[in-house]
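Below, chain A is the first sequence line, B the second, and so on; all start at residue 1.
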There are 2 protein chains.
Amino acid sequence: MSGPTLRDVAKRANVSIRTVSNVVNGYAPVSDELRTRVQAVLDELDYRPNLIARNLKQGRTGMIALVVPELDVPYFAELAREVITAARAHGYVVMIDQTDGAVERERALLGRDSRAMMFDGLLLSPLAVSAEELRGRGNRIPIVLLGEHIFNGSFHHVAIDNVAAARDATAHLLGLGRRRVAAIGDQPYATGETAQLRTVGYRQAHAHAGLTVDEELIVATPHFHRKLGAQAMERLLALPDPPDAVFCYNDLLALGAIRALTRNGRRVPDDVAVVGLDDIEEGQYSTPSLTTVAPDKGEIARTAVDTLMESINGGAAIPAEIVVPHRLIIRESTTGADDPRG
Amino acid sequence: MSGPTLRDVAKRANVSIRTVSNVVNGYAPVSDELRTRVQAVLDELDYRPNLIARNLKQGRTGMIALVVPELDVPYFAELAREVITAARAHGYVVMIDQTDGAVERERALLGRDSRAMMFDGLLLSPLAVSAEELRGRGNRIPIVLLGEHIFNGSFHHVAIDNVAAARDATAHLLGLGRRRVAAIGDQPYATGETAQLRTVGYRQAHAHAGLTVDEELIVATPHFHRKLGAQAMERLLALPDPPDAVFCYNDLLALGAIRALTRNGRRVPDDVAVVGLDDIEEGQYSTPSLTTVAPDKGEIARTAVDTLMESINGGAAIPAEIVVPHRLIIRESTTGADDPRG
DNA sequence: CATGATGTCTGCATCGTTGCAGAGCTCGCA
DNA sequence: TGCGAGCTCTGCAACGATGCAGACATCATG
């Protein structure tokens with residue numbers, strides 16, 4: 001079943017196991033003559049080191065785990081891509097699991113008989129699991145959190161400034177002269193911290209502009225998928241005084257909203273301007289292309305992986321709240337098709 | 001650094017290591033009294049089994065690797081999601097790596113000092129690596145290939161019937177009365193096997209309808225991204241006699257093509273009808289929504305994982321070519337917005 | 001020639017777990 | 001009372017690799 005071991009090679013080459021190991025790793029000096037002989041046997045038997053055994057001895061696996069709510073949500077797919085690339089630069093590979101937002105799945109990687117042991121570190125994009133749980137579970141491997149900051153001060157954490165991001169998006173719409181700017185994606189309950197921050201930014205932008213928020217224009221959605229964006233938009237269109245712009249808390253909601261607008265014969269941006277958040281690739285190619293707030297995903301991934309590596313290597317003891325830059329990318333869904341390149 | 005081991009627990013509870021192990025695993029009978037006592041110490045020390053050691057002993061890791069070209073390509077993200085879910089049903093987790101179509105990355109998982117040892121099996125969606133290489137590398141872990149069949153007979157392989165899929169798509173367009181149906185995505189070179197099969201299907205549909213193919217209407221693209229779909233469409237529109245329909249070899253190409261059409265003032269489907277392939281979620285929400293050929297991704301993932309598990313467990317010795325069903329999903333991009341639900 | 005430095009190579013212990021064989025002990029039954 | 005069966009529990013070896021200390025040979029040097 002399993003391939004040849006150091007012992008097999010050693011026996012065949014009439015040398016000690018240790019010497020074969022030395023040849024394989026180049027650790028200790030081995031005479032050219034012997035090296036050649038051993039190497040020949042290694043090649044002959046097609047020896048490959050058993051990484052599990054090596055890991056056991058060295059206490060490391062060279063793997064980190066990335067846990068996201070849903071891998072087929074473009075934002076997370078794009079983020080996962082960047083994480084895999086960033087990890088590779090450290091010689092690491094990435095195990096990916098998805099929680100579907102289910103607490104028990106998030107817990108699974110932290111729990112007693114978990115596989116957490118198999119990984120040197122964990123990148124977690126939490127939806128449901130609480131801070132106390134994370135702390136209480138006595139995890140032994142370093143953790144870096146992505147995109148939430150509800151665990152303030154207890155864990156390393158990498159995210160954009162959500163308040164500022166939402167403020168920028170809303171201000172852009174107000175700056176275009178829109179006066180009834182709706183918000184889609186609020187989550188006014190315990191685990192909706194990120195959404196709530198965005199609502200804060202939405203309100204701040206109104207305050208800055210000396211405008212009051214029509215509470216009717218804030219629509220909550222339990223999650224951030226296209227369908228809910230479309231539904232929320234339908235509801236807004238049914239209002240006696242519908243909005244002339246909408247800030248969606250992510251791009252999928254925005255694309256769903258645009259779809260609903262189109263279906264109802266409204267023109268984007270002429271009748272209703274739309275801004276999203278995430279800058280998923282899809283938004284560049286949608287019709288109209290999507291104005292959005294772009295978090296620097298590469299930077300998020302690199303920073304998170306670098307921080308995790310530091311933790312793994314014993315450094316970075318003090319949990320750090322790391323803020324990654326974002327920027328507003330203006331496309332057709334707010335300013336129309338002036339730019340022929342789209 | 002590392003947590004308590006069986007030995008630590010054993011010492012503290014004044015029992016043998018083996019007994020602690022028995023309590024942890026419930027393997028052998030242990031008296032209630034002792035079990036309680038040991039369990040108390042386990043809890044006290046917050047013992048977690050070291051899975052690496054367990055794996056070394058058992059020769060399994062409970063992990064499989066999934067290697068795809070690009071994780072942020074929606075099709076692969078959706079497939080990865082299904083694979084993770086399917087693997088979970090077998091108690092397995094999934095390491096994901098991306099190759100970016102680079103041969104050396106594909107090789108990396110097969111090569112001498114690879115991490116392949118860390119996994120019980122490998123799901124590979126190959127772009128560049130050749131059959132001989134796969135065979136020659138003497139991989140010790142079972143492999144199941146996804147979406148290609150160039151390794152005919154040598155490996156387990158799961159895919160849709162690409163010829164039939166392309167034929168169905170093209171026939172749909174011809175059935176709508178379109179007479180200049182273009183094809184975007186041919187890859188007339190060594191590693192473009194899948195694309196070539198789709199071209200075969202495209203030609204078959206024409207033959208069935210008693211039509212000849214205008215070779216000018218077949219546009220090759222080195223890969224399957226939105227941008228290339230748009231570029232190819234621009235080129236087709238520049239023809240003296242442009243197409244009135246186009247079959248794109250995947251949905252991203254199709255979405256890019258639609259984008260190009262819209263930008264050039266053509267109406268979809270009135271002026272040009274568009275069909276894609278993959279049925280990514282985005283196509284349901286695009287404007288217009290995208291007619292496409294839908295492979296059963298859940299079935300692909302389940303079949304592939306099940307087959308891999310059989311191989312891992314010693315069964316399924318004969319490499320099997322497994323064909324997974326597909327179906328045509330008709331949406332606005334070919335028949336217009338009759339359906340108000342989109 | 002003795003000494004120590006250097007260069008090669010080896011064996012033992014170890015990582016933390018589980019498989020296996022067997023040691024005690026208790027108990028029932030003849 | 002004696003004996004085997006059954007129940008608990010234990011120690012040893014092993015998975016396949018690496019860390020460490022040291023053995024041995026060679027060589028230069030005083």
Side-chain angles (χ1 to χ4, degrees), chain A residues 1-39 41-42 45-62 112-120 140-141, chain B residues 1-39 41-42 45-62 112-120 140-141:
Chain A
M1 176 64 214
S2 198
T5 69
L6 283 183
R7 178 160 47 210
D8 300 327
V9 177
K11 201 169 297 177
R12 195 163 171 77
N14 267 312
V15 292
S16 74
I17 293 181
R18 202 60 189 76
T19 295
V20 180
S21 173
N22 286 336
V23 170
V24 170
N25 295 294
Y27 278 175
V30 177
S31 68
D32 284 351
E33 182 270 331
L34 189 55
R35 157 168 285 108
T36 310
R37 186 153 57 91
V38 171
Q39 188 59 55
V41 179
L42 284 170
L45 297 185
D46 194 22
Y47 168 82
R48 322 257 179 124
N50 181 321
L51 294 185
I52 305 177
R54 186 179 282 177
N55 292 337
L56 172 61
K57 190 68 181 145
Q58 303 186 332
R60 294 207 178 183
T61 61
R112 171 163 300 289
D113 33 300
S114 84
R115 268 184 232 270
M117 273 267 169
M118 295 276 289
F119 308 101
D120 296 343
R140 303 234 170 61
I141 65 174
Chain B
M1 175 69 211
S2 199
T5 68
L6 284 182
R7 176 159 49 207
D8 300 327
V9 177
K11 202 169 296 176
R12 194 165 171 78
N14 267 315
V15 294
S16 75
I17 293 180
R18 202 61 189 76
T19 296
V20 181
S21 173
N22 286 336
V23 170
V24 170
N25 295 294
Y27 278 173
V30 177
S31 69
D32 284 349
E33 183 268 333
L34 190 55
R35 157 169 283 109
T36 310
R37 187 153 59 89
V38 171
Q39 188 60 55
V41 179
L42 283 171
L45 297 185
D46 193 23
Y47 169 82
R48 323 258 177 121
N50 181 320
L51 294 185
I52 304 178
R54 186 178 283 177
N55 291 338
L56 173 61
K57 192 70 182 146
Q58 303 186 332
R60 294 208 180 184
T61 62
R112 170 163 300 289
D113 30 299
S114 85
R115 271 185 230 272
M117 274 266 170
M118 297 276 290
F119 309 102
D120 296 344
R140 305 236 170 60
I141 66 173

(message) Is there a side-chain contact between B:Ser21 and the phosphate of C:dT17, meaning an N or O under 4.0 Å from OP1 or OP2?
(response)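 For C:dT17, neither OP1 nor OP2 has a side-chain N or O of B:Ser21 closer than 4.0 Å.
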(message) Does a side-chain N or O of A:Asn55 approach OP1 or OP2 of C:dC15 to a distance below 4.0 Å, or not?
(response)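 False: A:Asn55 side-chain N/O out of range (4.0 Å or more) of C:dC15 OP1/OP2.
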Rounded to the Å, how far apart are [X] [atom1] and [N] [atom2]?
X       : N      : atom1 : atom2 : answer
A:Ile17 : C:dT10 : CD1   : C1'   : 11 Å
B:Lys57 : C:dG16 : NZ    : C1'   : 11 Å
B:Gln58 : C:dG16 : CD    : C1'   : 12 Å
B:Tyr47 : C:dG16 : OH    : P     : 10 Å
B:Arg18 : C:dC20 : CZ    : P     : 10 Å
B:Asn50 : C:dT18 : CG    : C1'   : 13 Å
B:Asn22 : C:dT18 : CG    : P     : 9 Å
B:Asp8  : C:dG16 : CG    : C1'   : 10 Å

Quick one: label [X] by what it contacts on the DNA or RNA (base, sugar-phosphate, nothing), any heavy atom closer than 4.0 Å.
X       : value
B:Ser31 : sugar-phosphate
A:Ile52 : nothing
A:Thr5  : sugar-phosphate

(message) Taking any atom closer than 4.0 angstrom to a non-hydrogen atom of chain B, what span of DNA chain D does the protein reach, first nucleotide to last?
(response) D:dT8 to D:dG16
Between atom [atom1] of [X] and atom [atom2] of [Y], what is the distance when rounded to the nearest 0.5 Å?
X        : Y       : atom1 : atom2 : answer
B:Lys11  : B:Thr5  : NZ    : OG1   : 8.0 Å
B:Met118 : B:Ile52 : CE    : CD1   : 7.0 Å
B:Asp120 : B:Asn55 : CG    : CG    : 8.0 Å

(message) I'd like to know if B:Arg54 reaches the base of C:dG16 with its side chain, counting only an N/O donor and acceptor under 3.5 Å.
(response) no
(message) Tell me whether the count of non-hydrogen atoms from other residues, nucleotides or ligands lying under 6.0 Å of CZ in B:Arg12 goes above 12.
(response) no
(request) Please say whether more than 12 non-hydrogen atoms of neighbouring residues, nucleotides or ligands are located less than 6.0 Å from CZ in A:Arg35. (result) yes
(message) Regarding A:Arg18 and A:Asn22, do their side chains bring together a donor and an acceptor under 3.5 Å, going by distance alone?
(response)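 Short answer, yes.
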(request) Work out which heavy atom in B:Arg54 is nearest to a heavy atom in B:Val24; give both atom names and the distance. (result) NH2-CG1, 4.3 Å
(request) Would you mind telling me which residue lines up with the more 5' stretch of DNA chain D, B:Leu34 or A:Ala53, judged by nearest nucleotide? (result) B:Leu34
(request) Would you indicate which nucleotide in C:dT14, C:dT10, C:dT17 comes nearest to any side-chain atom of B:Leu6? (result) C:dT17
(message) Measuring from the side chain of A:Ser16 (C-beta onward, heavy atoms only), which nucleotide among C:dT14, C:dG11, C:dT18 has the closest atom?
(response) C:dG11
